Amino acid sequence: MSVPGGNTARRRPAARALRALRRLALAGAVAAAAAAAAGGGGARAETVVASVSSPRIDIGSNFSGVDIVVFGVVERAWNEPMPPDGYDIAVVVRGPPQPVASRRKERIFGLWINGASEEFPAVPAFYALDSNRPIDDIAGPSALSAYGIGLSHASFGRVPIEEGNAFRDAILRQRTAQGLFREQTGSVTMLTPTFFRATVPLPSKVPNGRYTVETYVFAEKRLVASDLAELTVDKVGFEARVHTMAVGAPLLYGALVVALALLTGWLGGVVFRRD
């Protein structure tokens with residue numbers, strides 16, 4: 001379902017969330033029936049089914065941001081006991097990876113110029129982590145690093161992660177200040193012991209591309225289930241045509257921009273000319 005603008009989109013997640021809830025309830029019922037039909041032939045690992053309220057976000061001229069809702073249910077075999085402390089959930093929304101060069105400004109003879117730099121080949125255009133508890137309390141460092149859960153465990157395409165790397169820290173600070181990187185603890189709500197919901201805000205400057213919505217389920221600091229969904233963010237209308245021209249035909253785009261600037265200057269001279 002398309003979302004033409006932020007204000008309208010914020011009023012619609014309830015209906016989409018209800019539809020997602022019905023799909024998840026149906027999936028859970030089917031899984032339970034299958035397990036019962038199997039006659040309890042051995043315990044199996046948990047699985048998780050997650051759904052995104054808005055699998056497509058359209059960015060128009062009046063887009064001011066939007067919230068997406070992620071619903072999920074943890075499925076267990078009929079004879080599988082609940083973990084003593086329940087389940088822990090982490091939801092990661094990750095934008096398309098892109099190469100980023102982080103540069104240090106250096107002052108030479110009173111001028112600020114680009115100095116040393118480092119290249120990171122796979123920095124996500126957007127990154128959001130939502131969890132029901134602090135991630136260090138729900139999983140160990142090895143699991144968090146293996147799946148890139150948490151900004152401190154995101155490799156940006158370079159392994160191993162260098163703690164205290166000034167260039168990497170600069171990317172984190174800049175993207176966080178722009179609203180493109182965020183971490184939120186306690187933002188995943190456990191509606192029942194196995195059913196959860198997370199609301200993830202997307203800012204007005206969210207980049208285009210295909211996003212992944214990753215759901216991880218932990219029990220006693222062990223990863224027991226995961227799910228992967230997709231989210232598409234795309235420009236529509238006049239902005240989309242301009243963006244397509246700028247990327248696909250840069251010479252033509254540049255020529256049109258120059259011609260428009262010349263035409264604007266000529267018209268301004270004609271209108272404000274003094275006789």
Side-chain angles (χ1 to χ4, degrees), residues 3 9-10 12-28 31 45-55 57 65-76 80 82-95 124 126-154 175-176 179-203 206 211-231 233:
V3 181
R10 292 182 189 278
R12 295 181 179 174
R16 292 191 294 263
L18 181 59
R19 290 195 295 269
L21 175 60
R22 290 171 178 167
R23 290 197 299 269
L24 291 171
L26 177 61
E46 291 91 336
T47 59
V48 60
V49 180
S51 180
V52 183
S53 61
S54 304
I57 304 297
V66 66
D67 290 346
I68 62 170
V69 180
V70 181
F71 276 97
V73 60
V74 182
E75 300 172 350
R76 301 178 295 119
E80 182 78 16
M82 279 287 295
D85 297 325
Y87 292 111
D88 290 311
I89 309 295
V91 176
V92 178
V93 179
R94 208 183 307 256
F126 176 84
Y127 185 99
L129 167 64
D130 292 88
S131 60
N132 63 321
R133 293 200 298 150
I135 57 171
D136 292 333
D137 294 341
I138 69 178
S142 59
L144 298 176
S145 297
Y147 297 99
I149 303 175
L151 290 172
S152 60
H153 299 280
R175 295 290 176 93
T176 301
L180 299 177
F181 283 2
R182 58 173 287 274
E183 293 179 318
Q184 186 70 41
T185 299
S187 51
V188 175
T189 303
M190 301 299 298
L191 302 176
T192 71
T194 59
F195 189 76
F196 60 89
R197 179 190 68 195
T199 300
V200 183
L202 301 181
V206 63
Y211 289 54
T212 59
V213 181
E214 307 160 16
T215 303
Y216 300 94
V217 181
F218 294 89
E220 300 177 298
K221 289 198 169 186
R222 294 183 302 107
L223 179 67
V224 297
S226 63
D227 184 76
L228 179 65
E230 288 191 350
L231 169 70
V233 178

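Every value quoted in this text rests on a predicted model; they were computed, and no experiment measured them.
Not one N or O on the side chain of Ser131 forms a donor-acceptor pair closer than 3.5 Å with the backbone of Ala90.
Between Pro193 and Met82, some side-chain heavy-atom pair lies under the 4.5 Å cut-off. Side chains of Val200 and Arg182 form a contact here, defined as non-hydrogen atoms less than 4.5 Å apart. Ile89 has its side chain within reach of Val91: a pair of non-hydrogen atoms, C-beta onward, lies under 4.5 Å apart. Using a 4.5 Å heavy-atom threshold, the side chains of Arg175 and Phe126 count as separate. Taking 4.5 Å as the limit, some side-chain heavy atom of Leu231 sits within range of a side-chain heavy atom of Ile57. His153 has its side chain within reach of Asp136: a pair of non-hydrogen atoms, C-beta onward, lies under 4.5 Å apart. Between Tyr87 and Arg76 the shortest side-chain heavy-atom distance falls below 4.5 Å. Using a 4.5 Å cut-off on side-chain heavy atoms (C-beta onward), Thr212 and Val93 make no contact.
Rounded to the nearest 0.5 angstrom, Ile149 CD1 and Ser226 OG are separated by 9.0 Å. To the nearest 0.5 angstrom, Glu80 atom CD is 5.0 Å from Glu46 atom CD. Taking CG of Asn132 as the start and CG of Asp88 as the end, the distance is 4.5 Å to the nearest 0.5 Å. One finds the CG atom of Leu129 at 10.5 Å from the CD atom of Glu214 (value rounded to the nearest 0.5 Å). Here CG of Leu151 is found 6.0 Å from OG1 of Thr176. Values are rounded to the nearest 0.5 Å.
Contact record, Arg94 with Pro124: CG-CB, 3.8 Å, taken as the closest heavy-atom pair. When all heavy atoms of Leu202 and Ile68 are compared, the pair lying nearest together is CD1-CG2, 4.1 Å. When all heavy atoms of Val206 and Val233 are compared, the closest pair comes out as CG1-CG1, 4.1 Å. A pairwise comparison of heavy atoms in Val73 and Phe196 identifies N-CE2, 3.9 Å as the closest pair. Of all the heavy atoms in Ala50 and Thr215, the pair that sits closest is CB-OG1, 3.6 Å. Smallest separation of non-hydrogen atoms from Ala219 and Pro83: CB-CG, 3.7 Å.
Pairs passing the side-chain hydrogen bond (donor to acceptor under 3.5 Å, both in side chains) check and including a residue from residues 184-202, sequence neighbours excluded, read Asp130-Ser187.
For Tyr216, the ring pair (Phe, Tyr, Trp, His ring centres under 6.0 Å) test picks out Tyr147, with sequence neighbours left out. Listed by chain and number, the residues in a salt bridge (charged side-chain N to carboxylate O under 4.0 Å, His left out) with Glu230 are Arg210 (sequence neighbours excluded).
Taking the six-membered ring where the residue is Trp, Phe181 and Tyr127 present perpendicular rings, their angle passing 60° and hence far from 30°.
Here the two rings, on Phe71 and Phe195, have centers that are under 6.0 Å apart.
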